[in-house]
**Student:** 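The structure follows.
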Amino acid sequence: MEDLKILQKVYDMILYGNQCLSQFPRSERYALAADIKQSMYRLLRLIIEANKRYYKKTTLQEIDVELDILRTYIRLAADPNTKYLPLRKYENWSKMLNEIGKMLGGWIKAFK
């Protein structure tokens, strides 16, 4: 895991995300929280897959799509109408996702 920094960033983001998800209301644990968790793990799996594949372009695009899906879920959780996620945690989580997005952008550029 040391050779791929984006993998470590996603790993750290998942640890942080799981802490945040534990504070979701019980009614959302098997709905939005479950979807967010699934999206985070899919992101991790896709990054490992992209690292191992010879042709990475399609997998990198899938990572980009999954990252946008995750961003949208988290934005929905922090929406003033839902308020499942406090603003401060949303900001921290968004910063982590933006950093991952920048690293992914550089990775995609390297394979164009």
Side-chain angles (χ1 to χ4, degrees):
M1 191 158 30
E2 294 109 27
D3 57 335
L4 204 57
K5 287 182 180 176
I6 192 170
L7 186 61
Q8 184 61 49
K9 293 287 181 187
V10 170
Y11 187 89
D12 293 342
M13 184 272 299
I14 288 173
L15 293 178
Y16 182 77
N18 279 331
Q19 282 179 344
C20 294
L21 292 176
S22 67
Q23 297 171 346
F24 270 45
R26 186 176 292 268
S27 63
E28 286 300 322
R29 285 202 184 135
Y30 299 104
L32 185 58
D35 287 342
I36 290 172
K37 214 176 243 190
Q38 188 178 15
S39 183
M40 291 189 306
Y41 294 141
R42 180 166 160 70
L43 192 63
L44 183 68
R45 189 177 61 79
L46 285 170
I47 287 172
I48 291 170
E49 236 179 84
N51 191 35
K52 298 285 181 185
R53 287 187 188 252
Y54 184 76
Y55 296 105
K56 301 176 188 306
K57 190 176 177 185
T58 308
T59 312
L60 290 175
Q61 289 170 338
E62 287 178 40
I63 294 170
D64 196 29
V65 169
E66 195 62 40
L67 191 62
D68 275 349
I69 290 170
L70 184 58
R71 277 189 181 127
T72 306
Y73 283 154
I74 293 170
R75 191 177 325 126
L76 181 64
D79 191 89
N81 292 327
T82 57
K83 293 183 182 175
Y84 303 141
L85 192 64
L87 185 61
R88 182 137 173 95
K89 288 189 175 183
Y90 170 71
E91 288 172 353
N92 287 339
W93 207 343
S94 291
K95 278 181 193 171
M96 291 174 147
L97 291 176
N98 285 340
E99 197 172 329
I100 292 166
K102 284 178 187 173
M103 293 173 98
L104 178 63
W107 201 6
I108 290 172
K109 247 185 201 173
F111 285 97
K112 279 190 175 178

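Starting from 1, each residue takes its place in the sequence as its number.
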**Student:** If I take atom CE from residue M13 and atom CD1 from residue I6, how far apart are they, to the nearest 0.5 angstrom?
**Tutor:**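 The CE atom of M13 sits 9.5 Å away from the CD1 atom of I6.
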
**Student:** Looking at every heavy atom in both T82 and A77, which two are closest together, and how far apart are they?
**Tutor:**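 Minimum heavy-atom separation between T82 and A77: OG1-O, 3.2 Å.
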
**Student:** Could you list the donor-acceptor pairs under 3.5 angstrom formed between side-chain atoms of residues 100-111 and any protein atom two or more places apart in sequence or on another chain?
**Tutor:**
none

**Student:** So which heavy atom on Q19 is nearest to which on S22, and how close?
**Tutor:**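 Residues Q19 and S22, closest heavy atoms: O-OG, 2.6 Å.
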
**Student:** Do K56 side-chain atoms and R53 backbone N/O form a donor-acceptor pair below 3.5 Å?
**Tutor:**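 Side chain of K56 to backbone of R53: a pair is present.
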
**Student:** With Y90, which residues qualify under side-chain hydrogen bond (donor to acceptor under 3.5 Å, both in side chains), at least two apart?
**Tutor:**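 Residues passing side-chain hydrogen bond (donor to acceptor under 3.5 Å, both in side chains) with Y90: none at all.
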
**Student:** Consider only side-chain heavy atoms of I, L, V, M, F, W and Y, link residues closer than 4.5 Å, and tell whether L70 and V65 are in one cluster.
**Tutor:**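 Yes, one cluster joins them.
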
**Student:** Measuring from atom CG of D35 to atom CG of L21, what distance do you get when rounded to the nearest 0.5 angstrom?
**Tutor:**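 It is 10.5 Å, given to the nearest 0.5 Å.
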
**Student:** Please tell me if the side chains of Y84 and D79 come closer than 4.5 Å, counting only heavy atoms from C-beta onward.
**Tutor:**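 Answer no - side chains too far apart.
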
**Student:** So which heavy atom on S27 is nearest to which on A31, and how close?
**Tutor:**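 Minimum heavy-atom contact is O-CB, 4.4 Å.
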
**Student:** Run the side-chain hydrogen bond (donor to acceptor under 3.5 Å, both in side chains) test against E62 and tell me which residues pass, sequence neighbours left out.
**Tutor:**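 None.
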
**Student:** Transitively linked via ILVMFWY side-chain contacts under 4.5 Å: I47 with Y55?
**Tutor:**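 I47 and Y55: separate clusters.
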
**Student:** Taking atom CG of N92 and atom NZ of K95, what is their separation to the nearest 0.5 Å?
**Tutor:**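 One finds 6.0 Å between CG of N92 and NZ of K95.
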
**Student:** Atom CG of L97 and atom CD1 of I74: how far apart are they, to the nearest 0.5 Å?
**Tutor:**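 So the gap between those two atoms works out to 4.5 Å.
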
**Student:** Less than 4.5 Å apart, any side-chain heavy atom of I36 and any of L32?
**Tutor:**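 The answer is yes, as the side chains (C-beta and beyond) meet within the 4.5 Å cut-off.
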
**Student:** Could you list the residues that satisfy side-chain contact (heavy atoms from CB on, under 4.5 Å) with D68, not counting sequence neighbours?
**Tutor:**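 Counting only residues at least two positions away or on another chain, D68 forms a side-chain contact (heavy atoms from CB on, under 4.5 Å) with R71.
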
**Student:** Going by side-chain hydrogen bond (donor to acceptor under 3.5 Å, both in side chains), name the residues that satisfy it together with Q23, two or more places apart in sequence or in a different chain.
**Tutor:**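 Here the qualifying residues are K89.
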
**Student:** Please step through side chain to side chain contact (heavy atoms under 4.5 Å, CB included) for the pair L87 and E91, ending with a clear verdict.
**Tutor:** CA-CA 6 Å; L87 185 61; E91 288 172 353; 3.9 Å; yes

**Student:** Could you tell me the separation between the CG atom of D64 and the CG atom of L46, rounded to the nearest 0.5 Å?
**Tutor:**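 Atom-to-atom, D64:CG and L46:CG are 11.0 Å apart.
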
**Student:** Show me the donor-acceptor pairs, under 3.5 Å and distance only, between side chains in residues 37-44 and residues at least two apart or in other chains.
**Tutor:**
{"unit_1": "S39", "atom_1": "OG", "unit_2": "E66", "atom_2": "OE2", "d": "2.7"}
{"unit_1": "Y41", "atom_1": "OH", "unit_2": "N18", "atom_2": "ND2", "d": "3.2"}
{"unit_1": "R42", "atom_1": "NE", "unit_2": "E66", "atom_2": "OE1", "d": "2.9"}

**Student:** Please work out which of the three classes, parallel, tilted or perpendicular, describes the rings of W93 and Y16, given edges at 30° and 60°.
**Tutor:**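 Geometry flag for W93 against Y16: perpendicular rings.
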
**Student:** To the nearest 0.5 angstrom, please state how far the CG atom of L76 sits from the OG1 atom of T72.
**Tutor:**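 Interatomic distance, L76 CG to T72 OG1, rounded to 0.5 Å: 8.5 Å.
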
